[in-house]
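Sequence lines set the chain letters: A, B, ... in the order given, protein chains first and strands last, and positions in each chain run from 1.
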Amino acid sequence: MSGRMFVLADADSFYASCERVFHPELARRPLVVLSNNDGCVVSRSREAKLLGISNGLPWFKIRGQAEHDGVIARSSNYELYASLSRRMMRLMAATLPGQEIYSIDECFLRGFQDPQRTRMACTRMRETVLQGIGIPLTIATAPTRTLAKIVSHYIKHQGGGIGDWDLLRSQEPDVLDRIDVSEVWGVGRRLTRKLQGMSITTAGDLARADPSRIRHLFSVLLERTVLELQGIPSIELDDFDAIDGTRKQQLMCSRMFGQPITGLPDLSAAVGTYAQQASIRLRKQGSLAGMVTVFIATSPFNQDYQSRSGSIILTDPADDPLTIARAAVGTLPRMIDPHARYVRAGVMLGALTDAASYTTFDGMDAKRDNGLGTILDQANRKFGLQSVGIGWAGMKGKGRARQETGATWNMKRQHLSNRSTTRWDELCIVKA
DNA sequence: TCTGGGGTCCTAGGACCC
DNA sequence: TCTGGGGTCCTAGGACCC
């Protein structure tokens with residue numbers, strides 16, 4: 001074995017596992033985590049999977065049966081997950097070199113030349129994260145990222161743990177032929193259908209395909225996937241700085257509403273709030289936005305579905321909340337259908353540039369935050385998101401949702417757990 | 001009644017120029 | 001005004017990921 005060895009570490013049922021960290025009584029119970037608005041299932045514990053609950057199912061459709069089966073539901077709590085993710089990533093980076101964070105719950109690392117040494121490091125890493133944080137990992141090693149994904153997928157089916165491509169292949173030479181092509185990293189629904197039409201139905205079929213022919217019929221992306229299945233590293237990840245979530249090209253804040261809204265005033269309030277949220281993240285990563293795009297949409301499950309978007313180019317790139325919110329709200333009058341029932345809106349900031357190095361030719365400066373944004377950022381850090389804001393963004397709700405705004409369109413989160421690691425008023429209480 | 005939120009990359013095709 | 005080809009740049013949309 002020569003060349004690089006990729007290590008893929010990802011958490012088992014990450015969101016569900018996070019919920020258990022501060023609620024040990026949830027261990028071994030069937031548990032699901034729901035998307036915003038308590039819409040769909042986005043994470044299930046192993047026990048919930050065994051009950052036949054799949055990801056993406058609308059909660060309102062399965063709720064009756066699930067509750068009958070003793071399933072516990074939690075609203076998603078991304079503050080908690082992001083915080084646990086950061087700790088988990090730091091522990092892993094201290095064990096193996098070359099960490100590339102790929103998503104909130106998984107990262108690639110580089111293995112050592114000596115496979116035995118790599119294996120020991122993986123074992124140690126898994127124990128450290130389990131004991132230090134309480135999150136179980138699945139760890140796979142392989143000569144390419146795509147094969148590491150295959151191994152990970154395979155051993156998760158066996159209940160998780162640690163696996164290696166060479167070992168697996170020596171035990172089961174035909175393992176790729178027993179994996180559906182749709183399970184391959186980079187092959188989605190559409191490609192699966194097209195490939196099936198060409199009698200490529202398993203990962204093994206795809207691995208045996210001619211890369212240049214695949215490139216012709218599909219794209220360079222799928223060609224790289226074929227090469228990777230053959231053991232030739234061909235996919236590089238962007239060297240984006242994911243540990244603090246920095247985005248190089250665009251940044252978006254969008255939400256489904258708790259209930260449909262109609263008319264300019266409510267829509268403006270929602271879009272203004274999302275614009276502010278987006279500008280907070282923009283300042284946090286030290287960028288300026290050159291373009292603001294807003295989209296609004298009615299329900300795609302209704303017959304009169306409509307979706308519109310509009311953009312504004314900022315003549316001077318900006319990071320201050322007023323400029324961005326004003327630009328965003330300003331797109332609405334020409335887009336809005338006054339009778340439509342909107343269920344979703346979003347604000348995208350594009351044409352991002354680095355605030356520190358930005359200069360214009362004529363000596364004009366960018367629309368920098370004049371201090372208001374920084375004050376808002378500080379207040380929000382201290383008192384919690386949406387404590388303070390411009391316009392509607394500062395309106396608080398009551399009771400359990402007191403951190404959210406009081407507007408009717410604010411999302412539903414009826415099964416929210418405490419944000420124990422990021423909110424002082426939601427600290428875990430230990431009775432001794 | 002009730003169906004997530006964020007990203008990335010590639011390609012086709014139009015606009016424009018010579 | 002018409003005719004033709006080829007190059008570049010940009011954007012919208014499609015496809016994928018978690």
Side-chain angles (χ1 to χ4, degrees), chain A residues 8 10-11 13-15 32-43 54-64 73-79 81-82 85 100-108 145-146 149 152-153 181-195 215-225 235-242 245-260 274 277-278 281 285 291 293 295 297-302 305 307-311 313 341 343-352 411-415:
Chain A
L8 169 64
D10 74 317
S13 310
F14 182 58
Y15 296 166
V32 298
V33 176
L34 306 177
S35 63
N36 281 336
N37 279 319
D38 297 340
C40 301
V41 174
V42 289
S43 179
S54 358
N55 259 341
L57 290 179
W59 177 238
F60 78 89
K61 279 192 182 168
I62 61 165
R63 180 175 185 166
R74 288 273 186 260
S75 304
S76 44
N77 185 345
Y78 293 106
E79 277 182 70
Y81 310 151
S85 171
E100 298 166 307
I101 297 174
Y102 181 64
S103 72
I104 193 167
D105 76 327
E106 69 188 296
C107 68
F108 289 100
R145 299 178 209 276
T146 304
K149 281 281 195 181
S152 176
H153 179 79
V181 73
S182 63
E183 309 286 358
V184 175
W185 191 41
V187 178
R189 270 229 319 279
R190 306 294 283 265
L191 283 178
T192 298
R193 240 190 297 149
K194 251 182 107 171
L195 287 167
R215 178 190 195 139
H216 255 85
L217 293 172
F218 296 89
S219 70
V220 292
L221 296 175
L222 196 58
E223 179 194 29
R224 288 179 198 151
T225 297
I235 296 177
E236 291 302 328
L237 291 187
D238 252 23
D239 56 345
F240 71 111
D241 186 1
T246 299
R247 300 296 164 200
K248 288 193 301 196
Q249 301 188 4
Q250 60 175 232
L251 176 159
M252 171 159 60
C253 177
S254 93
R255 295 275 180 285
M256 302 274 305
F257 304 135
Q259 49 183 276
Y274 302 161
Q277 288 295 325
R281 287 169 53 200
Q285 68 173 50
M291 186 169 73
T293 302
F295 66 88
T298 62
S299 170
F301 301 100
N302 286 351
Y305 170 66
S307 160
R308 298 226 178 116
S309 72
S311 299
I313 308 264
R341 292 157 48 83
V343 302
R344 175 194 183 90
V347 175
M348 262 164 66
L349 304 181
L352 302 190
M411 65 187 179
K412 280 185 295 200
R413 297 208 279 183
Q414 294 181 343
H415 313 279

Which residues share a salt bridge (charged side-chain N to carboxylate O under 4.0 Å, His left out) with [X], sequence neighbours left out:
X: A/Asp10; result: A/Lys156
X: A/Arg341; result: none
X: A/Arg63; result: A/Glu67
X: A/Arg74; result: A/Glu19

Heavy-atom donor-acceptor pair, A/Ser35 side chain to A/Val42 backbone, under 3.5 Å: no
Donor-acceptor pair, side chain of A/Ser85 and main chain of A/Ile104, under 3.5 angstrom: yes
B/dC16 and C/dG4, which share atom name C1', separated by this distance in whole Å: 16 Å
Over all strands shown, is [X] touching base, sugar-phosphate only, or nothing at heavy-atom distances under 4.0 angstrom?
X: A/Val184; result: sugar-phosphate
X: A/Leu191; result: sugar-phosphate
X: A/Arg189; result: sugar-phosphate
X: A/Lys149; result: sugar-phosphate
X: A/Gln250; result: base
X: A/Leu251; result: sugar-phosphate
X: A/Asn37; result: nothing

Residue closer to the 5' end of DNA chain B, A/Arg344 versus A/Arg224 (nearest nucleotide): A/Arg344
Along DNA chain B (nearest heavy atom to each residue), the more 5'-positioned of A/Arg255 and A/Trp59: A/Trp59
Derivation of the side-chain contact (heavy atoms from CB on, under 4.5 Å) call for A/Leu222 and A/Leu195: CA-CA 11 Å; A/Leu222 196 58; A/Leu195 287 167; 4.3 Å; yes
Whether over 12 other heavy atoms sit under 6.0 Å from A/Arg308 CZ: yes
Secondary structure of DNA chain B in dot-bracket form (Watson-Crick or G-U wobble, distances below 3.5 Å, | marking inter-strand pairs): ....||||||||||||||
Closest approach of A/Tyr81 to A/Phe14 (non-hydrogen atoms, all atoms of both residues): O-CZ, 3.6 Å
Start and end of chain A contact along DNA chain C [non-hydrogen atoms, under 4.0 Å]: C/dA15 to C/dC18
